Amino acid sequence: MNQELKIFNSLTRKKEIFNPLVPGKAGMYVCGPTVYSNAHLGHARPAITFDLLYRYLLHLGLKVRYVRNITDVGHLEDEVEETGEDKISKKARLESLEPMEVVQKYMNTFHKNMADLNTLSPSIEPRASGHIIEQQLMVKQILQKGFAYESNGSVYFDVEKYNQQHHYGKLSGRNLDDILHNSRQLEGQEEKKNPFDFALWKKASPEHIMQWPSTWSNGFPGWHLECSAMSTKYLGEVFDIHGGGLDLQFPHHECEIAQSTAALGHESVRYWMHNNMITINGQKMARSLGNFITLDELFTGSHELLQQAYSPMTVRFFILQAHYRSTVDFSNEALQAAEKGLDRLMKAMELLEKLKPGGESSFKVEELAENCYNAMNDDLNSPILISHLFDGVRIINSIHDGKAIINDADLITLKSLYNTFVFEILGLRNEKAPSSRNKEILSEAIELILQLRQKAKNNKDWATSDRIRNELTHMGIEVKDRKDGFEWHLM
RNA sequence: GGUUCCUUGGCCGAGUGGCUAGGCAACGGUCUGCAAAACCGUGUACGGCGGUUCGAGUCCGCCAGGGACCUCCA
């Protein structure tokens, strides 16, 4: 397998050929959630985007280390850092829980939702609270290099000084003057030299429930720092891919670049990747905007905007039908269309297993395979990949109907191709396949009933045969008559 | 206001300057006892106005509309 994968590097704004730092291996770091409430549809986007990347890199034969953090401390609620409360702390106070109870609770539901969406677990899932020492060491490094200053027990990154030697803002395409002239002037920033300076270490007020001792104060690390510290720890001073949502590009990722560069003397990330947002009525879906639908609500249909429940695979397929760098707008119509399209694909997957080879193939399997790889190699173009898979669906259905032919070798290739791309790379699952334990009993019972119906049909007893079909349809079993008998599916 | 991205047929959503993306919906046909499914076929789609070019949805300019970031957010 020798594919040339191109990915869009946000830093250069170009598609670049992916050449891993160490041949045969790849390191990727993706910004994970702050676990202070339930995961929503927006969280599914990066999870699925980078799951797709992870799966494809694995498929290409690379040994991948996939690191995704859990933010469980340091993420402030308010823009004014001096009075802003830690998100986890606030939730703990409101719910009368230990902060770590809050973390555990929402981390568990996040993991469950991610498993529902069939995303693979990262190789390492480090938590900020478990890496206080590493973060303190990085603060010390940055202080030693002269790019940070201490102020009233807190430590801030000196953006202006950093910018004299490096370009602060290169990732998001801005410069310090722009930032200075276009930032709101906020109250309560007396501790900072400049409003755009950001906290590396924050002194905690006495009532603050999460704090750790340090040489500067009893406090907690700044939000941006965990990613720099933990990516360095687990992937090294230089690593291949850093991913996250587009909304994190500034300031979060910009700060990461500054921190790592200041501490290490060079940049860490070779390819930056950003997924775009999911919108609802054209506006970003975000917790802070209050227009979000949680994944649990989506899966159960329990939200006023939802006309029905949407299965995890429907959600996954819906997201994969748009390119990861495009915004995708939520609507019931779009989800329902995705549901039906997925159903069509899955039925074809089932049919594929039953196809009978014979004669010379009336189409080119190799061409289909090449199209699929080309789509993935072009910056993970999953919508194009899916369109090619649907081309194949038409062929599979035609073979089944006897209107196309496939030879033995091509059939083996085709099966392997579909298993690889649909299940292994796109990470889809056939949710309607009955569990193996019940499958046999169910199948035999339905076969028996349908054979009785066949007998009625042969006797032109349409009343009986229609009644059986209608009752089965009502139960969720779809019956299709064919020239030579019948077929059935669970709906 | 600054930076930046987008505007594709009824809906969603791809499009590297010339060749049918694809899905959903709709309509017609084949098949069928009837259905369903499947297959075949059907759409003056590219926000507006200019320009470059033999040729533009695709490049350039202007205009209109919208989004994202600029404060926490996946």
Side-chain angles (χ1 to χ4, degrees), chain A residues 13 15 30-34 39-50 75-81 84 87 169 172-175 177-179 181-184 186 195-196 223 243-252 254 274-279 282-289 292 317-318 321-323 325-342 344-345 347-348 351 371 375 378 381-391 393-394 396-398 400-404 457 460-462 465-466 469-470 473 478-483 487 489 491:
Chain A
R13 283 149 215 248
K15 287 181 194 171
V30 176
C31 287
T34 302
H40 60 75
L41 181 55
H43 288 97
R45 192 92 196 262
I48 289 169
T49 296
F50 294 105
H75 203 162
L76 298 176
E77 178 80 11
D78 203 274
E79 73 227 42
V80 185
E81 291 188 11
K87 285 173 189 269
S172 51
R174 45 195 100 193
N175 58 57
D177 284 340
D178 293 339
I179 297 167
H181 292 127
N182 294 299
S183 293
R184 281 201 272 154
L186 302 172
F196 42 68
W223 173 43
L246 194 59
D247 52 346
L248 296 178
Q249 196 176 44
F250 187 91
H252 185 56
E254 211 69 75
H274 292 95
N275 63 274
N276 215 319
M277 302 290 102
I278 289 181
T279 59
Q283 203 184 27
K284 182 172 81 165
M285 184 180 289
R287 277 198 288 235
S288 56
L289 295 172
F292 63 93
F317 190 68
F318 167 67
Q321 268 193 311
H323 188 257
R325 285 192 286 115
S326 301
T327 56
V328 57
D329 197 54
F330 163 87
S331 70
N332 282 286
E333 292 73 14
L335 264 301
Q336 283 159 11
E339 184 179 56
K340 288 178 185 169
L342 177 63
R344 181 169 150 87
L345 181 60
K347 278 181 178 158
L351 265 187
N371 287 339
D378 185 15
N381 200 328
S382 54
I384 290 289
L385 168 61
I386 289 169
S387 81
H388 291 309
L389 291 173
F390 274 115
D391 289 341
V393 166
R394 189 168 299 117
I396 289 167
N397 286 329
S398 293
H400 180 247
D401 286 351
K403 291 168 185 162
K457 278 183 65 181
K460 296 196 191 298
D461 179 2
W462 308 128
S465 96
D466 285 357
R469 186 175 65 195
N470 291 340
T473 304
E478 180 183 35
V479 178
K480 302 176 188 170
D481 286 341
R482 293 175 61 80
K483 274 185 193 143
E487 274 179 10
H489 288 283
M491 285 191 281

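Letters A, B, ... mirror the listed sequences (proteins, then strands); counts begin at 1. Predicted model only: the values in this text are computed from it and were never measured.
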Point to revise | Lys/Arg-Asp/Glu bridge criterion (N-O < 4.0 Å) met for E478(A), K347(A) | key: yes
Review point. Quick one: R482(A) CZ to A37(B) P, roughly how many Å, whole number?
Key: 14 Å
Review point. Within the structure shown, what part of the strands sits under 4.0 Å from V479(A) by heavy-atom distance: base, sugar-phosphate, or nothing?
Key: base
Taking only nitrogen or oxygen atoms into account, show me every contact under 3.5 Å that the protein makes with nucleotides 30-34 of chain B, one pair per line with its distance.
from: G33(B); atom 1: O6; to: S465(A); atom 2: OG; distance (Å): 3.3
from: G33(B); atom 1: N1; to: D466(A); atom 2: OD1; distance (Å): 3.0
from: G33(B); atom 1: N2; to: D466(A); atom 2: OD2; distance (Å): 3.0
from: C34(B); atom 1: O2; to: R469(A); atom 2: NH2; distance (Å): 2.9
from: C34(B); atom 1: N3; to: R469(A); atom 2: NH1; distance (Å): 2.9
from: C34(B); atom 1: N3; to: R469(A); atom 2: NH2; distance (Å): 3.1
from: C34(B); atom 1: N4; to: R469(A); atom 2: NH1; distance (Å): 3.2
from: C34(B); atom 1: N4; to: D481(A); atom 2: OD2; distance (Å): 3.0

Practice item. Determine yes or no for a side-chain-to-main-chain donor-acceptor pair under 3.5 angstrom, with Q249(A) supplying the side chain and H274(A) the backbone. Key: no
**Study point:** Distance between P atoms of A45(B) and U53(B) (Å, rounded)
**Key:** 27 Å
**Study point:** U20(B) and U8(B), which share atom name C1', separated by this distance in whole Å
**Key:** 15 Å
Exercise for review: Can you label the angle between the F292(A) ring and the H40(A) ring as parallel, tilted or perpendicular, going by 30° and 60°?
Suggested key: tilted
Exercise for review: Identify which nucleotide among A74(B), C70(B), A14(B) has an atom closest to any side-chain atom of H323(A), counting heavy atoms from C-beta outward.
Suggested key: A14(B)
Point to revise | Interatomic distance at P, U42(B) relative to G23(B), whole Å | key: 14 Å
Point to revise | Separation between the C1' atoms of G1(B) and C72(B), rounded to whole Å | key: 22 Å
**Study point:** Minimum-distance nucleotide to D401(A) side chain [options: C72(B), C39(B), A74(B)]
**Key:** C39(B)
Study note, to complete from the structure: Q249(A) CD to U71(B) P, in whole Å, measures 14 Å
Practice item. Quick one: do L246(A) and R325(A) satisfy side-chain contact (heavy atoms from CB on, under 4.5 Å)? Show the steps, please. Key: CA-CA 9 Å; L246(A) 194 59; R325(A) 285 192 286 115; over 6 Å; no
Check your understanding: In whole Å, what is the span from the CZ atom of R174(A) to the P atom of A68(B)?
Key -> 14 Å
Revision key, fill the gap. Rounded to whole Å, the NZ-P distance (K87(A) to C72(B)) equals 9 Å
Check your understanding: Below 4.5 Å, heavy atoms only, C-beta onward: do R469(A) and K457(A) meet side chain to side chain?
Key -> no
**Study point:** Check: M285(A) and R45(A) side chains under 4.5 Å, non-hydrogen atoms
**Key:** no
Review point. Between the main-chain N or O of K480(A) and the side-chain N or O of E487(A), is there a donor-acceptor pair closer than 3.5 Å?
Key: no
Review point. What one-letter contact string describes nucleotides 18-25 of chain B from 5' to 3', where B marks a base within less than 4.0 Å of any protein heavy atom, S marks contact via sugar-phosphate atoms alone, and - marks no contact?
Key: ---BSSSS
Review point. Considering only the P atoms, how many Å lie between G48(B) and G57(B), rounded to the nearest integer?
Key: 11 Å
Check your understanding: Please give, in whole Å, the distance from U71(B) P to K284(A) NZ?
Key -> 13 Å
Check your understanding: Closest nucleotide of RNA chain B for K480(A) versus for T34(A): which of these residues is on the 5' side?
Key -> K480(A)
Review point. At under 4.0 Å, does any side-chain N or O of N397(A) touch on OP1 or OP2 of C39(B)?
Key: yes
Exercise for review: Let me know, please, whether N381(A) or L289(A) comes out on the 5' side of the other along RNA chain B by nearest nucleotide.
Suggested key: N381(A)
Point to revise | Euclidean distance for C1', C6(B) against G15(B) (whole angstrom) | key: 15 Å
Practice item. Could you state the atom-to-atom distance from CZ of F196(A) to P of U3(B) in whole Å? Key: 18 Å
**Study point:** Integer angstrom distance from the P of G18(B) to that of C60(B)
**Key:** 16 Å
Listing time: all N or O pairs from protein to nucleotides 4-8 of chain B that are below 3.5 Å?
none

Check your understanding: Nearest-Å distance, CG (L248(A)) to P (A74(B))?
Key -> 7 Å
**Study point:** Test item: R344(A) and N397(A) side chains (from C-beta on) under 4.5 Å apart, heavy atoms
**Key:** yes
Exercise for review: Would you indicate what Q283(A) reaches in the nucleic acid, counting non-hydrogen atoms under 4.0 angstrom: base, sugar-phosphate, or nothing?
Suggested key: sugar-phosphate
Check your understanding: Considering only the C1' atoms, how many Å lie between G2(B) and A25(B), rounded to the nearest integer?
Key -> 43 Å
Exercise for review: Could I get the full list of side chain to side chain contact (heavy atoms under 4.5 Å, CB included) partners for T327(A), not counting sequence neighbours?
Suggested key: N276(A), T279(A)
Check your understanding: Name the stems with RNA chain B in them: runs of three or more consecutive Watson-Crick or G-U pairs, distances under 3.5 Å?
Key -> B:1-7 with B:64-70, B:10-12 with B:22-24, B:26-30 with B:38-42, B:47-51 with B:59-63
Check your understanding: Can you check the D247(A) CG to U3(B) C1' distance for me, whole Å?
Key -> 16 Å
**Study point:** Contacts of type salt bridge (Lys or Arg N to Asp or Glu O under 4.0 Å), residue K15(A), not counting sequence neighbours
**Key:** D378(A)
Review point. So what does S288(A) touch, heavy atoms closer than 4.0 Å: a base, only the sugar-phosphate, or nothing?
Key: base
